[in-house]
Amino acid sequence: MSLPFHPLDPDLFSRAQSLLDEEWLARDPDLAPMLPTVLARNVGQDWHKAGTFRHHLVGVARSLSVWQQPRDVRLLGLLHSVYGNAFVDLVKFDPAKERARMRGLMGESAEHLVYLFCTQSRTQFVQRVLAHALEADGSLVLEKDGQRHVLTPYEVAVFIIVSMADTIEQWSSWQDDVYSRFPDVQQRPQTAHWAASLWPGPMRPTGRMLHQISALGQALQHPELKDLLPIPPVFAHCSQNLSASDEAAASALYWAVVQQDQPLVDLDVATGVLENAVRHNPWVGESQMTLAQLYLTAGRRDEARAAASSALQLFCVWGNSWDKRVQWEAWIAWTRILLQGATVDGSWPERLDKLNNLALRD
């Protein structure tokens, strides 16, 4: 049975490749002017889920850049929590005193989005989008302090897209536990769940949040939203759903191979397990990348080339990694090594120790 691999889009790869350099943000004409102001607030020293707050802000902005979002949306990604919010206790800019300064730096429309994103209930927003509570015109009604607030269709589209990028950048198994069943989080005592509390946990990929991201993306197909902003390329431009059961199965199968919970002498069982992981969830690169290495090791170069090319496409589509054990840039680098090994004669070693020597040739 054939696997649901994806062709590599050269233009998408080129966009992603330009973001592999750590200095990409400093070269972005829209985002670079805000960088000194943000860095001056020590965002690189603050903890945030899978890294530091700086790592998170830059990662969200990177996905939005890959997704070709306009300036105001990318600025929101870079600054989406700087006024604080219900999810984090970080307040890098005081909204009671510094909004005028921020408006002067980023412009009124971008600052409005940042302030709104920080002060409205994002839990309520996600709940209502997932409950298909959008109005016929694409707007969405939220409640805060006993008052109704209506998000415009444009604001709804922006907040959906930024929420998708925000989630994929940070979520791993640690949050699957401490924030279990978000957006309907239950209050649980830490003493009874001390094992789940230990950060960073096993760093297993999330087993439930990609399903939620796919559902948020499908809300962008609302007739009053779909033409407002570029649709993110994930899940076939947000046209496909990933079921909760398929996500859970794919995550478990992938992790079983990563943890070497398979026969270790021959690779046929691990290969079959990964192939089933890809069938359950064809929308992440890590399982396809790992499968490409198994194909390559078995001498199945054509299949390795297809799997590696598809994995590279998916890493580029997301602009962030699903498996947080290493950074997005590293996943892309190793996938390119595999693609090279499947394409260039003699570039993939037979000896185990020679894996340590591998390098891109172009």
Side-chain angles (χ1 to χ4, degrees), residues 9 11-21 23-38 54 56-83 85 93 99 101-120 122 125-126 129 134 137-140 150-169 213 216-239 316-320 328:
D9 180 343
D11 291 336
L12 176 64
F13 174 64
S14 180
R15 285 204 306 276
Q17 195 172 19
S18 71
L19 304 177
L20 293 171
D21 185 341
E23 300 303 316
W24 75 267
L25 195 59
R27 296 193 299 267
D28 188 298
D30 294 327
L31 303 183
M34 286 301 305
L35 197 56
T37 302
V38 175
R54 180 189 189 279
H56 175 60
L57 295 176
V58 171
V60 173
R62 183 178 61 221
S63 281
L64 296 173
S65 296
V66 170
W67 297 349
Q68 298 183 295
Q69 297 303 308
R71 174 185 180 274
D72 284 2
V73 181
R74 288 183 292 122
L75 279 170
L76 172 57
L78 183 64
L79 300 161
H80 67 274
S81 296
V82 296
Y83 288 143
N85 60 54
F93 297 91
R99 287 195 66 190
R101 180 191 178 205
M102 296 296 281
R103 278 194 293 267
L105 288 169
M106 72 175 85
E108 187 169 346
S109 58
E111 192 279 335
H112 168 76
L113 290 174
V114 172
Y115 179 75
L116 205 58
F117 196 77
C118 289
T119 56
Q120 291 296 316
R122 288 167 58 195
F125 173 79
V126 172
V129 172
L134 297 183
D137 67 354
S139 63
L140 182 66
V150 180
L151 295 178
T152 68
Y154 178 75
E155 291 165 350
V156 171
V158 169
F159 288 3
I160 288 174
I161 292 170
V162 174
S163 295
M164 292 168 67
D166 182 37
T167 302
I168 192 58
E169 193 287 325
I213 294 173
L216 288 174
Q218 285 192 295
L220 293 170
Q221 300 297 335
H222 187 290
E224 299 301 324
L225 300 186
K226 63 181 182 179
D227 296 323
L228 296 178
L229 289 165
I231 299 291
V234 300
F235 300 110
H237 294 276
C238 299
S239 67
C316 295
V317 157
W318 283 106
N320 270 293
W328 174 72

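Being a predicted model, the structure only gives us computed values, none of them experimental.
- In this structure R15 satisfies the side-chain contact (heavy atoms from CB on, under 4.5 Å) test together with L12, Q68, sequence neighbours excluded.
- The closest side-chain heavy-atom distance from L75 to L31 is below 4.5 Å.
- One finds the CG atom of L140 at 10.0 Å from the CD atom of Q120 (value rounded to the nearest 0.5 Å).
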Would M34 and M102 count as a side chain to side chain contact (heavy atoms under 4.5 Å, CB included) if you check the C-alpha gap in whole Å, the side-chain angles of each, and the deciding distance to 0.1 Å?
-> CA-CA 9 Å; M34 286 301 305; M102 296 296 281; 4.0 Å; yes
Worked verdict on L134 versus L225 for side chain to side chain contact (heavy atoms under 4.5 Å, CB included) | CA-CA 10 Å; L134 297 183; L225 300 186; 3.7 Å; yes
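- Using a 4.5 Å heavy-atom threshold, the side chains of P233 and W67 count as touching.
- When side chains are defined from C-beta on, H80 does not count as touching V114, because their heavy atoms never get closer than 4.5 Å.
- Screening residues 153-169 for salt bridge (Lys or Arg N to Asp or Glu O under 4.0 Å) gives R122-D166 as the qualifying pairs, with residues at least two apart or on separate chains.
- In terms of heavy atoms, A157 sits closest to L228 at CB-CD1, 4.3 Å.
- The CZ atom of R103 sits 11.5 Å away from atom CG of L105, with the distance rounded to the nearest 0.5 Å.
- Rounding to the nearest 0.5 angstrom, the gap separating the SG atom in C118 from the CG atom in L79 is 8.5 Å.
- Proximity of T152 to S139: side-chain heavy atoms (C-beta onward) are nowhere separated by under 4.5 Å.
- Contacts of S18 classified as side-chain hydrogen bond (donor to acceptor under 3.5 Å, both in side chains), with partners at least two apart in sequence or in another chain: none.
- Judged as a side-chain contact (heavy atoms from CB on, under 4.5 Å), and not counting sequence neighbours, P33 has no contacts.
- Checked against salt bridge (Lys or Arg N to Asp or Glu O under 4.0 Å), D28 has the following partners two or more places apart in sequence or in another chain: R74.
- Counting only heavy atoms from C-beta outward, the side chains of V73 and Y154 approach each other to under 4.5 Å.
- Not counting sequence neighbours, the partners of W318 by the ring-ring contact (aromatic ring centres under 6.0 Å, His included) test are F235.
- In this structure the side chain of V66 never reaches within 4.5 angstrom of the side chain of C316, judged on heavy atoms.
- Checked against side-chain contact (heavy atoms from CB on, under 4.5 Å), V58 has the following partners two or more places apart in sequence or in another chain: W24, L25, R54.
- The side-chain hydrogen bond (donor to acceptor under 3.5 Å, both in side chains) test applied to D9 returns no partner, not counting sequence neighbours.
- With values rounded to the nearest 0.5 angstrom, W328 atom CH2 is found 4.5 Å from L20 atom CG.
- Under the rule for a side-chain hydrogen bond (donor to acceptor under 3.5 Å, both in side chains), the partners of N320 that lie at least two apart in sequence or sit in another chain are R62, S63.
- T119 is linked by a side-chain contact (heavy atoms from CB on, under 4.5 Å) to Y115, K144, counting only residues two or more places apart in sequence or in another chain.
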Show me the side-chain donor-acceptor pairs of residues 216-223 shorter than 3.5 Å, one per line, residues at least two apart or across chains.
residue	atom	partner	partner atom	Å
Q221	NE2	H237	O	3.2
Q221	NE2	C238	O	3.2
H222	ND1	E224	N	3.0
H222	NE2	E135	O	3.0

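- Not counting sequence neighbours, the partners of R99 by the side-chain hydrogen bond (donor to acceptor under 3.5 Å, both in side chains) test are E111.
- Between the CD1 atom in I160 and the CD1 atom in I213 there is a gap of 13.0 Å [rounded to 0.5 Å].
- Taking CG from L64 and CG from D72, the interatomic distance works out to 12.0 Å, rounded to the nearest 0.5 Å.
- At least one side-chain heavy atom of F125 sits under 4.5 Å from a side-chain heavy atom of L151.
- Taking all atoms of both residues into account, the shortest heavy-atom contact from A32 to P36 is O-CD, 3.4 Å.
- Looking at heavy atoms from C-beta onward, F117 lies out of side-chain contact with V158 at the 4.5 angstrom threshold.
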